[in-house]
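This report concerns only the one structure given below.
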Amino acid sequence: MDKQAIFKQVAQVEERIGELYEEIGNLKAQVIELIEENTRLVLEKQRYQEHLQAASKCTESNSTTLVISEHTDADVPETKEGYNNLTKLYEEGFHICNVHYGRMRTEGDCLFCLAFLNKTISDE
């Protein structure tokens, strides 16, 4: 084999490696999207199950009672509960900021999420 043929063969192998690298990058992006969707669906399923259990308990205990809710200090724990849920989501590795809400955090802490958490803390 002459040098030109070897050089041409190396160039072809290099080109195929580049194509494979690009394909791996695309597959990686698809896997990340699937993992995010799967996690979102698992959390949504869990929320629905909790809601269903709460609804069934409510109907079992008070099937004929009408509950009238008024704006009282009892609403404050709901705000804390919402904040706690957002904190839990963030600790589980999800974005809670308006920029990337619901996506998995892949690179450490997000400044937008942290700013949102700090803003929420200072508002209370």
Side-chain angles (χ1 to χ4, degrees):
M1 278 190 141
D2 65 340
K3 294 178 185 178
Q4 285 288 20
I6 293 173
F7 183 75
K8 186 176 183 180
Q9 191 175 9
V10 169
Q12 289 173 347
V13 170
E14 185 179 23
E15 186 176 318
R16 282 187 277 171
I17 289 173
E19 292 170 359
L20 288 174
Y21 182 74
E22 184 178 331
E23 188 175 341
I24 288 173
N26 292 337
L27 288 173
K28 183 180 174 183
Q30 289 177 349
V31 167
I32 288 172
E33 288 177 16
L34 290 173
I35 289 172
E36 288 175 353
E37 181 180 11
N38 185 41
T39 306
R40 182 185 56 79
L41 291 173
V42 166
L43 292 173
E44 186 175 345
K45 177 185 171 191
Q46 183 181 8
R47 268 196 320 266
Y48 285 135
Q49 287 175 341
E50 290 171 358
H51 180 69
L52 183 62
Q53 288 174 353
S56 66
K57 286 181 183 178
C58 182
T59 56
E60 288 173 2
S61 63
N62 298 326
S63 60
T64 59
T65 305
L66 177 62
V67 177
I68 300 173
S69 65
E70 297 178 8
H71 182 63
T72 61
D73 290 337
D75 292 338
V76 174
E78 287 182 19
T79 304
K80 276 206 178 272
E81 182 179 343
Y83 174 77
N84 290 340
N85 288 339
L86 287 174
T87 304
K88 182 179 175 184
L89 280 174
Y90 184 76
E91 289 173 355
E92 289 176 357
F94 292 95
H95 284 278
I96 58 168
C97 61
N98 62 341
V99 179
H100 302 290
Y101 183 80
R103 291 187 182 163
M104 290 187 72
R105 288 185 293 122
T106 55
E107 298 178 2
D109 290 330
C110 170
L111 294 179
F112 297 114
C113 293
L114 292 175
F116 179 76
L117 285 174
N118 289 337
K119 176 183 168 195
T120 307
I121 290 172
S122 65
D123 288 348
E124 291 180 356

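Everything numeric here is computed off the predicted structure, so don't read it as measured data. What you see below is based on every heavy atom in this structure, not just the backbone, and it leaves out hydrogens, waters and symmetry mates. In this chain, numbering begins with 1 at the start of the sequence shown.
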Measuring from I17:CD1 to Q12:CD, what's the distance to the nearest 0.5 Å? 12.0 Å
Hydrophobic cluster partners of I32 (side-chain heavy atoms under 4.5 Å): none
For L27, the rest of its hydrophobic cluster, which grows through side-chain links under 4.5 angstrom: none
N/O donor to acceptor pairs below 3.5 angstrom from side-chain atoms of residues 85-100, sequence neighbours left out:
| residue | atom | partner | partner atom | Å |
| --- | --- | --- | --- | --- |
| N85 | ND2 | E81 | O | 3.4 |
| T87 | OG1 | Y83 | O | 2.9 |
| Y90 | OH | D109 | OD1 | 3.1 |
| Y90 | OH | C110 | N | 3.2 |
| H100 | ND1 | R103 | NH1 | 3.4 |

ILVMFWY cluster membership beyond L111 - transitive side-chain contacts under 4.5 angstrom: none
Flag yes if Y101 and F112 sit in one hydrophobic cluster, no otherwise; membership is Ile, Leu, Val, Met, Phe, Trp, Tyr, and two members link when side-chain heavy atoms are under 4.5 Å apart. no
More than 12 non-hydrogen atoms from neighbouring residues, nucleotides or ligands closer than 6.0 Å to CD on E14, yes or no? no
Which residue pairs pass the side-chain hydrogen bond (donor to acceptor under 3.5 Å, both in side chains) test when at least one of the two sits in residues 17-31, sequence neighbours left out? none
Which donor-acceptor pairs under 3.5 Å do the side chains of residues 38-45 make with protein atoms, sequence neighbours left out?
| residue | atom | partner | partner atom | Å |
| --- | --- | --- | --- | --- |
| T39 | OG1 | I35 | O | 2.8 |
| R40 | NH1 | E44 | OE1 | 3.4 |
| E44 | OE2 | Y48 | OH | 3.3 |

With a 4.5 Å limit on heavy-atom distance, are the side chains of E33 and E37 in contact? no
